[in-house]
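Input: a single structure, listed below in structure tokens.
In what follows, chains are A, B, ... by sequence order, proteins preceding strands, each numbered from 1. Keep in mind that what you see is a predicted model, and the values were worked out from it rather than measured.
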Protein chains: 2
Amino acid sequence: MHDRQALNAMVEQALQHLKWPSKPEGLYAPIAYTLEGGGKRIRPVILLMACDMFGGDLNAALPAAIATEVFHNFTLLHDDIMDNAPTRRGKPTVHTRWNSNTAILSGDAMLICAYRILMQSPIVSLPALAETFNRLAIEVCEGQQYDMDFETRNDVSAEEYLNMIGLKTGALIAGALRMGAILAGASNTDAETLAEFGMNLGIAFQLQDDLLDTYGDPSRLGKAVGGDIACNKKTYLLINALTLAPTGTRKELTLIMADRRIDAAEKFTRVRALYDKLGIRELTEQKASEYFDRALAALDRLPLDNTRKEPFKELAHSLIDRQK
Amino acid sequence: MHDRQALNAMVEQALQHLKWPSKPEGLYAPIAYTLEGGGKRIRPVILLMACDMFGGDLNAALPAAIATEVFHNFTLLHDDIMDNAPTRRGKPTVHTRWNSNTAILSGDAMLICAYRILMQSPIVSLPALAETFNRLAIEVCEGQQYDMDFETRNDVSAEEYLNMIGLKTGALIAGALRMGAILAGASNTDAETLAEFGMNLGIAFQLQDDLLDTYGDPSRLGKAVGGDIACNKKTYLLINALTLAPTGTRKELTLIMADRRIDAAEKFTRVRALYDKLGIRELTEQKASEYFDRALAALDRLPLDNTRKEPFKELAHSLIDRQK
């Protein structure tokens, strides 16, 4: 068994060894820029952890791990165009530093490169890996589409939201774990159980992310909060507030949301006060705990020694208790 | 051996049988819309023709053929955003009918689906197919990047242009032929020779396309001409005119290009007159013939009966003599 730092170092080294052609520069420079941008490399590392847990060969799993990270960064690159996001990880986004056309085309090339890297995996695993990868890739697109659809809808249910984050966030984590298990020759049942852990953890993680953007401490998080409320983002918090509020409170909330004259700080304070009144924080914490417990229950079902599961328990806690 | 109409019918039927999920509609409706849009289906048909020429099983080649067509339509979808094109095949483009974000994301999903369909190919051929597909896909992106780069450059050489259209147009035709040959179990040498036919034919086709946009007869082509001159597109014609013109003529040409007050019809007449003076039409025809002859020479080298090559000769002539 390898510790997380060692796996992280493997991933970073492999990413640094990716060779991008020098020409056309407009196509490849944004790809290198995106991948140099840091990030926690959670997805490739958990893929390697999954392979390691089942006693697989980490070198054989490295292409799939890197493909997963390249794919994830491709989605960020295109999402940033769609969201018109100026920065990512403290640096200008590709469409800001270059332009939208460059960001579209470099993203396309990244997606193709993700497949190219994936296909360096051992041939015996390739059909199952490719099936998993194709499925998670299309699910991430579906999740992004629902997320965009929700922007213009006022009747999004909590259930729809949970489905959306399962696709947008959970599917990639679940798929990465499944690929790691496949590469180690784990049984279908075990691969499925580990994917279930990942899907539930992904949903818990996103709910926690929603919570932190409203209730987090910026100094401990290392980033600003309040962005979701500022742009009326349909998070689990807002959706439940709109659904559960009595008529008067709901009207107040929708008026605040529609009023462009209110400054961001005041809007944040007023919306959060309404959330507090409605018990939205507790409700969301409870839902996140529910998914977190489901994740751990799936892990418990795996027929492996506890020592082999321990790294995943630690990872799960570190992802969820980001501020504690 | 099957005739081209029969292969075309196979492709159309397979495309019609593609099932797209109903939800999220914003993701899948634009994909169905794009693929319903017609087009000549040249790429999937030549893939099947290649398989047929080497005596392969057409049903085994159908996934790769459809993947190629889905990929081609994905590139059109994203290119149309980048070119800000309002219509395609007489219908509004996806980014016009929906919006840019939808067009980006649906395109991404199409690219993933192209891979998904490709992977339904017989497993024995999959590594070689995937390698060919990955290469052609990245080459098409490189070609598109060079094409965009050329818009803001005034020193593009004829050689650079030929390299660009080889990537943007030739690589997909060459790759489709190579995949057809691989699926029929042809030797590497034969697959390579057939790809060489396709690359040269693709370049000849694009040069012919450049010619027709300036010298074609709209009533026989079934579409308007002059678009390239109107937007100063760096075609083989313009690049050579800028390179070969004596100083005075070049100055006149660049003044016409820069003058936004000249109406499109007058600009077309004046630029074409300069091309005539410089012998650009003959030069381009000669270059197209050169690539066409190289294509036919590659076909001749294949160790097969002439009857097996005949459909490709007919296809080559029909693509090049579009107006004759």
> What option among A/D83, A/N134, A/T75 has the most heavy-atom pairs under 4.5 Å with chain B?
Replying inline: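 Between A/D83, A/N134, A/T75, the count favours A/N134.
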> In terms of heavy-atom pairs under 4.5 Å with chain B, which of A/I138, A/I81, A/D149, A/V140 leads?
Replying inline: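 Most heavy-atom pairs under 4.5 Å with chain B: A/I138.
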> Which atoms of B/D108 come close to chain A, meaning under 4.5 Å heavy atom to heavy atom: side chain ones, backbone ones, both, or neither?
Replying inline: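 When you check distances to chain A, atoms from both the backbone and side chain of B/D108 fall under 4.5 Å.
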>> Which atoms of B/P24 are under 4.5 Å from chain A, going by heavy atoms: the side chain, the backbone, both sets, or neither?
In response: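 Contact with chain A: backbone and side chain both.
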> B/E142 and A/K23: side-chain contact (heavy atoms from CB on, under 4.5 Å), yes or no, with the steps?
Replying inline: CA-CA 8 Å; B/E142 290 181 355; A/K23 286 185 177 179; over 6 Å; no
>> Give the interface residues of residues 151-164 of chain B toward chain A, defined by a heavy-atom separation under 4.5 Å.
In response: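 Residues in range: none.
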>> Checking an interface table here. Which of residues 92-107 of chain B come within a heavy-atom distance under 4.5 Å of chain A?
In response: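 Within residues 92-107 of chain B, near chain A: B/N101, B/I104, B/L105.
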> How would you list all residue pairs meeting ring pair (Phe, Tyr, Trp, His ring centres under 6.0 Å) that involve residues 124-144 of chain A, not counting sequence neighbours?
Replying inline: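 Pairs touching residues 124-144 of chain A that pass the test: A/F71-A/F133, A/Y115-A/F133.
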> Can you name the residues of residues 168-188 of chain A that have some heavy atom under 4.5 Å away from a heavy atom in chain B?
Replying inline: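 Answer by number: none.
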>> Just so I know, are the side chains of A/Q145 and B/E25 near enough to count as touching, which here means a heavy-atom distance under 4.5 Å?
In response: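 A side-chain contact under 4.5 Å is absent here.
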> Most heavy-atom pairs under 4.5 angstrom with chain A, which of B/C113, B/P21, B/A109?
Replying inline: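 Option with the greatest count: B/A109.
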>> Within this structure, what is the SG-CD1 distance for the pair A/C141 and B/I112, rounded to the nearest 0.5 Å?
In response: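 Nearest 0.5 Å value for the SG-CD1 distance: 3.5 Å.
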